[in-house]
Amino acid sequence: MPEYRYDPQEIEPRWQALWAREHTWEVSNEAGAQERGEGRSAPGGAGAQPGGRAFNSYVLEMLPYPSGEPHIGHLKCYSVGDAIAHFHRRLGARVLHPMGYDAFGLPAENHAIKTGVHPRDSTQASIASFQRQFRSWGISIDWSRELATCEPSYYRWTQWIFLELFRAGLAYRKEAAVKWCPKDQTVLANEQVDAEGHCERCGALVEVKQLEQWFLRITDYAERLLGDLDGIEWPENVKTMQRNWIGRSEGAEVTFRCEELGVDYPVFTTRPDTLFGATFFVMAPEHPDVMRLAGGTEHEQAVHDYVNHALNETNEERGNAERPKTGVPLGRTVTNPVNGEQIPMYVADYVLMEYGTGAIMAVPAHDERDHAFARAFGLPIRRVIEAPAENDDLDEPPAAAGVAGELPYTGDGVLVSSNPDFDGMNNRQALSAIVAWLDREGKGHASVNYRLRDWLVSRQRYWGAPIPILYCERCGMVPVPDDQLPVELPDIEDYTPKGRSPLAAAEDWVNTKCPECGGSARRETDTMDTFVDSSWYFLRYCDARNDRAAWDPAALREWMPVDQYIGGVEHAILHLMYARFFTKALADLGHVDFQEPFQALFTQGMVTKDGAKMSKSKGNVVSPASIVERVGADTARCYILFVGPPDQDADWSDDGVDGVHRFLGRLWRLAAETAERAGSPRAAASPEGEAEGALAVADAAEGDDLALLRKTHWAIDKVSGDLRRFAFNTAIAAVMELLNECSRLRDSAQLETLRFALTSAASLLFPFAPHVCSDIYELLRGERVWEQPWPQAEEALLESEVYELVCQVNGKVRDRVQVSADAGPETLKDLCRAAPNVRAHVDGKEIVKEIVVPGKLVNLVVR
RNA sequence: GCCCGGGUGGCGAAAUGGGUAUACGUAGUCGACUUAAAAUCGACAGCCCCCGUGGGGGGCAUGCGGGUUCGAAUCCCGCCCCGGGCACCA
């Protein structure tokens, strides 16, 4: 017998070449279009589509940001996604599984600043490297739909969407505070400012500057973004993160009036029940009225200094809730609308301009922050809620609400020292009553507030999609007409930002004609946040080569929403929220007819080395290319899925990789030897009826043949179930068990049985190790495994006519006996009592209870 | 501080609805093949104790302490540790 050597370096390129040559993983839109109206259905399970009718499935991994080479996290993400894509195909789906690149962004631009290499060139080089490696991993991608967000043919439509949002009032300009380096004369991204507030490049103290910025009105969608989370199959932790980010709070808006200036100041509060305990009023340093209020008072200078200082603090400093409260009086008072009291006004940095109205009523008795401020400034603290007497019943307040007698008390209780109408009332009832009263008096109303802020999308950067807006001296802000899109990014020499976007220096490009009046106009020089590019790419894949529209609605109807989205949990908030927002906005504009882009989401865990995140500085980076070169892509992919549950972090171990490599080698060698023995050489297509042949074996099977058949069907059942719950690690373990059984019985079982078992192993392992399994399937059957339906487990072979009954005494296993599968409870009890070691433990004692779990165990309770 | 994950052999892990804890893989030990090694193949293997040639028996083990149950890694209560997210959001 010849010696067989498993050689992935020979096997893998051979199959990759075939898939490329035959465009195996490409799907057209037309075929599906004919089936439209059949109703889409998720692959609920093998045989979910009786009659084998094709259904559509869109399997998508988050598109990579092409920088350098793919890392191990990419390998994990695409190994998971490809396994799902293959599984869906074999269940009968037409699978859309595309690839693209999130190709605009800061790293390429910073690289350009350092080296002068155009971002387009470095990005293109990186994309080439990603393409090469994805092909070398054998990922089943429909390359005909490939895209990069930096191509004009793509960002033309990014710009079109921006203008659609603009025309709908969802994109707008507003002054906003940005980080500004006075020495470099440039706007800085938050990441470019160090913890102490210095410019990363020159070390100068960074200032805050108000500049006109572009925003997208995502806050209009807060309620829908929150509510629609209930209808999608996402991990609970991701939903929770989005809910927290949206941060819905119910409460009331209440108006406090400054009589001296005759100005009303509304505040938002979640606790209108504590209104009678408001003893002062605080405004954020950014509040536009602060200087006007302090003007002419003895505090004017102090307020000026305080505000200046506060505005120049870093987010880290401002955000630290632990540090002592600071602030200064404004020298004015406002009227508390519920009792007419004049309460003093302050400015303090613990109040945020971005939330609510930028001003708060302070209730020091029932809010920890207000309490701390009142203590620091010697302000009155008035208790208006009395905690329930004692925690002597089940309704004890949560520990977080504080101890009953102490202040601040944030729990529930009974209103006191408020007003005869409300005193004695439970605070939750009083809350509604007070809001109703405010409403009647015109002094307030119920209100909902969100933590979510509008999305700042303009960047003073070069390597992004230009914002397609013109500024005409006569007509003002003018959108670039659709027929003039894309607004192409001009080539420039100097990428360093100088006060404005680097694009501002391209005078020829900036100066243009107004499409409305023909007069001179200037282009917007800011570019878009790269998150805009990635907020709609999944739509473009459905119709990637359309040059007349962003997509044909029919194409979206065929594929959207994405059936299974896969990516890192680090995108739980921003990308996934923005993509949902775009989808809803586009639905409102009539461009799509669904509300959620991603029906199901899977978030994969991180891959670490020696327990630490891989990083160049730590020198613990494992490069996928080196692994593939050493042991092949099948091993790399299987290992990353075998090492543990894919949603959890996994630590890379070279020993583990070798183990999986040995396993694939054993499988391939045994298959090759078996093929040789069976005289079924490669490419000589085997005769019809192979599967029936195996079944014929099943009918008559006994002994080792039956054992091997049973193991095979057990594995089919196990892997099918495991794939549905993303338990790839146990699926692979099940195929390992099957192979171990094959090895054990290789000489005692019939050749046909062995061939059937190995064919099944290859079929089941194919979603994880496509090359070697294609090779094995061809060796044993002369057929293409990816064209075969997913195997079905025979019910009859999943059950055995005997099993091992566990015999327990007082819950401890004392013996095991072989019993017939159809034995009744009484028989089982008898057999258990008769077991030798059970008798030893029962002897001389009284059996008080007998528990029977048919198919599993009998437990005798003795005294 | 708040909200999520997680804690099981030397290591990665499994146990899918309360029912045989430790599947599978690693590293390890022993054996076969070999002049030798690697590779490959086969066997053993949670910890402790007892009897014994083979083999068998008992006790203890799923972060810690309680509880529910015939029976708990799994459910409940109270803690400890590790990782992640949010964090002055009124």
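Just so it is clear: chains get the letters A, B, ... in the order the sequence lines come, proteins before strands, and each one is counted from 1.
- Within the 4.0 angstrom heavy-atom criterion, only backbone atoms of the sugar-phosphate kind lie near Asp655(A); the bases stay farther away.
- Base contact: Val351(A) has a heavy atom under 4.0 Å from a base atom.
- Using a 4.0 Å heavy-atom cutoff across all strands shown, Asp370(A) reaches no nucleic acid atom at all.
- Straight-line distance between the C1' atoms of C80(B) and A27(B): roughly 31 Å, to the nearest whole Å.
- To the nearest angstrom, P of G85(B) lies 19 Å from CD1 of Ile246(A).
- If you check G58(B), C88(B), A27(B) against the side chain of His841(A), the one that comes closest is G58(B).
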Dump the pairs, protein N or O against N or O of nucleotides 42-50 of chain B, anything under 3.5 Å, distances to one decimal.
none

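- A donor atom on one side chain and an acceptor atom on the other are not found under 3.5 Å apart for Asn449(A) and Ser249(A).
- On the P atoms, G85(B) is 27 Å away from G78(B), given to the nearest whole Å.
- Separation of the C1' atoms belonging to G6(B) and G55(B) is 42 Å when rounded to the nearest angstrom.
- Note on ring orientation: taking the six-membered ring where Trp is involved, the planes of His366(A) and Tyr409(A) are perpendicular (angle over 60°, cut-offs 30° and 60°).
- Comparing C11(B) with U16(B), their C1' atoms are spaced 25 Å from each other, to the whole Å.
- Taking atom CH2 of residue Trp234(A) and atom P of nucleotide G85(B), one finds them 18 Å apart after rounding to whole Å.
- When the C1' atom is compared between G28(B) and G9(B), the two are found 13 Å apart, to the nearest whole Å.
- Legend: salt bridge (charged side-chain N to carboxylate O under 4.0 Å, His left out) pairs involving residues 349-366 of chain A, not counting sequence neighbours, sorted by first then second residue: Arg323(A)-Asp349(A), Glu354(A)-Arg453(A).
- In this structure, Lys812(A) reaches the sugar-phosphate backbone alone: every heavy-atom distance under 4.0 Å involves primed, P, OP1 or OP2 atoms, never a base.
- The side chain of Arg724(A) contributes no N or O atom lying less than 4.0 Å from OP1 or OP2 of U16(B).
- Comparing the P positions of G63(B) and U74(B) gives a spacing of 8 Å, expressed to the nearest Å.
- A side-chain donor-acceptor contact under 3.5 Å links Thr357(A) to the backbone of Pro266(A).
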Set out, line by line, the N/O atom pairs under 3.5 Å between protein and nucleotides 13-15 of chain B.
from   : atom 1 : to        : atom 2 : distance (Å)
A14(B) : OP1    : Asn729(A) : ND2    : 2.9
A15(B) : OP1    : Arg725(A) : NH2    : 3.3

What does the list of N/O pairs under 3.5 Å between the protein and nucleotides 68-74 of chain B look like, with a distance for each?
from   : atom 1 : to        : atom 2 : distance (Å)
C70(B) : OP1    : Lys849(A) : NZ     : 3.3
C70(B) : O2'    : Asn859(A) : ND2    : 3.3
C70(B) : O2     : Asn859(A) : ND2    : 2.6

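- Identified under the salt bridge (charged side-chain N to carboxylate O under 4.0 Å, His left out) test for residues 843-863 of chain A, with sequence neighbours left out: Lys829(A)-Glu850(A), Arg833(A)-Glu850(A), Glu846(A)-Arg863(A).
- Residue Arg323(A) is in base contact, counting any heavy-atom pair closer than 4.0 Å across all strands shown.
- Within the nucleic acid shown, Thr270(A) comes within 4.0 Å of sugar-phosphate atoms alone, with no base atom in reach, counting heavy atoms only.
- For Asn244(A), no side-chain nitrogen or oxygen approaches OP1 or OP2 of A87(B) to under 4.0 Å.
- Side-chain N/O atoms of Asp722(A) and Thr730(A) include a donor and acceptor closer than 3.5 Å.
- The stretch residues 731-742 of chain A touches RNA chain B through Ala733(A), Met736(A), Glu737(A), Asn740(A), each having a heavy atom within less than 4.0 Å of the strand.
- Remark: His661(A) engages Tyr6(A) in a ring pair (Phe, Tyr, Trp, His ring centres under 6.0 Å) (not counting sequence neighbours).
- Across the protein-nucleic acid pair, Trp652(A) atom CH2 and U26(B) atom C1' stand 14 Å apart, rounded to whole Å.
- We find that CH2 of Trp245(A) is positioned 19 Å from P of C4(B), with the value rounded to whole Å.
- Under the salt bridge (charged side-chain N to carboxylate O under 4.0 Å, His left out) criterion, the residue pairs touching residues 644-663 of chain A are Arg630(A)-Asp658(A), with sequence neighbours excluded.
- Across the protein-nucleic acid pair, Trp714(A) atom CH2 and A23(B) atom P stand 13 Å apart, rounded to whole Å.
- Helical stems involving RNA chain B, defined as 3 or more consecutive Watson-Crick or G-U pairs under 3.5 Å, span B:1-7 with B:80-86, B:10-12 with B:24-26, B:28-32 with B:40-44, B:46-51 with B:55-60, B:63-67 with B:75-79.
- At a threshold of 4.0 angstrom between heavy atoms, the contacts of Gly659(A) are confined to the sugar-phosphate backbone, with no base atom among them.
- Going from the C1' atom of C4(B) to that of A87(B) covers 14 Å, rounded to whole Å.
- For residues 729-747 of chain A, the set of pairs meeting the salt bridge (charged side-chain N to carboxylate O under 4.0 Å, His left out) definition, not counting sequence neighbours, comprises Glu673(A)-Arg746(A), Lys711(A)-Glu737(A), Glu741(A)-Arg744(A).
- For the OP1/OP2 pair of G57(B) and a distance below 4.0 Å, the side-chain nitrogens and oxygens of Arg814(A) include no atom meeting the criterion.
- Comparing G19(B), U40(B), A87(B) by their nearest atom to the side chain of Arg451(A) picks out A87(B).
- Taking the P atoms as reference points, G67(B) lies 28 Å from C82(B), given to the whole Å.
- For the ring pair (Phe, Tyr, Trp, His ring centres under 6.0 Å) test, no residue two or more places apart in sequence or in another chain qualifies with Tyr306(A).
- Using a 3.5 Å distance cut-off with no hydrogens or angles, the side chains of Asn427(A) and Asp273(A) do pair a donor with an acceptor.
- The nearest whole Å value for the distance from the OH atom in Tyr355(A) to the P atom in C86(B) is 18 Å.
- Looking at the side chain of Val813(A), the nearest of the listed nucleotides U20(B), A90(B), C88(B) is U20(B).
- Partners of Asp289(A) by side chain to side chain donor-acceptor pair (under 3.5 Å), not counting sequence neighbours, listed by chain and number: Tyr265(A).
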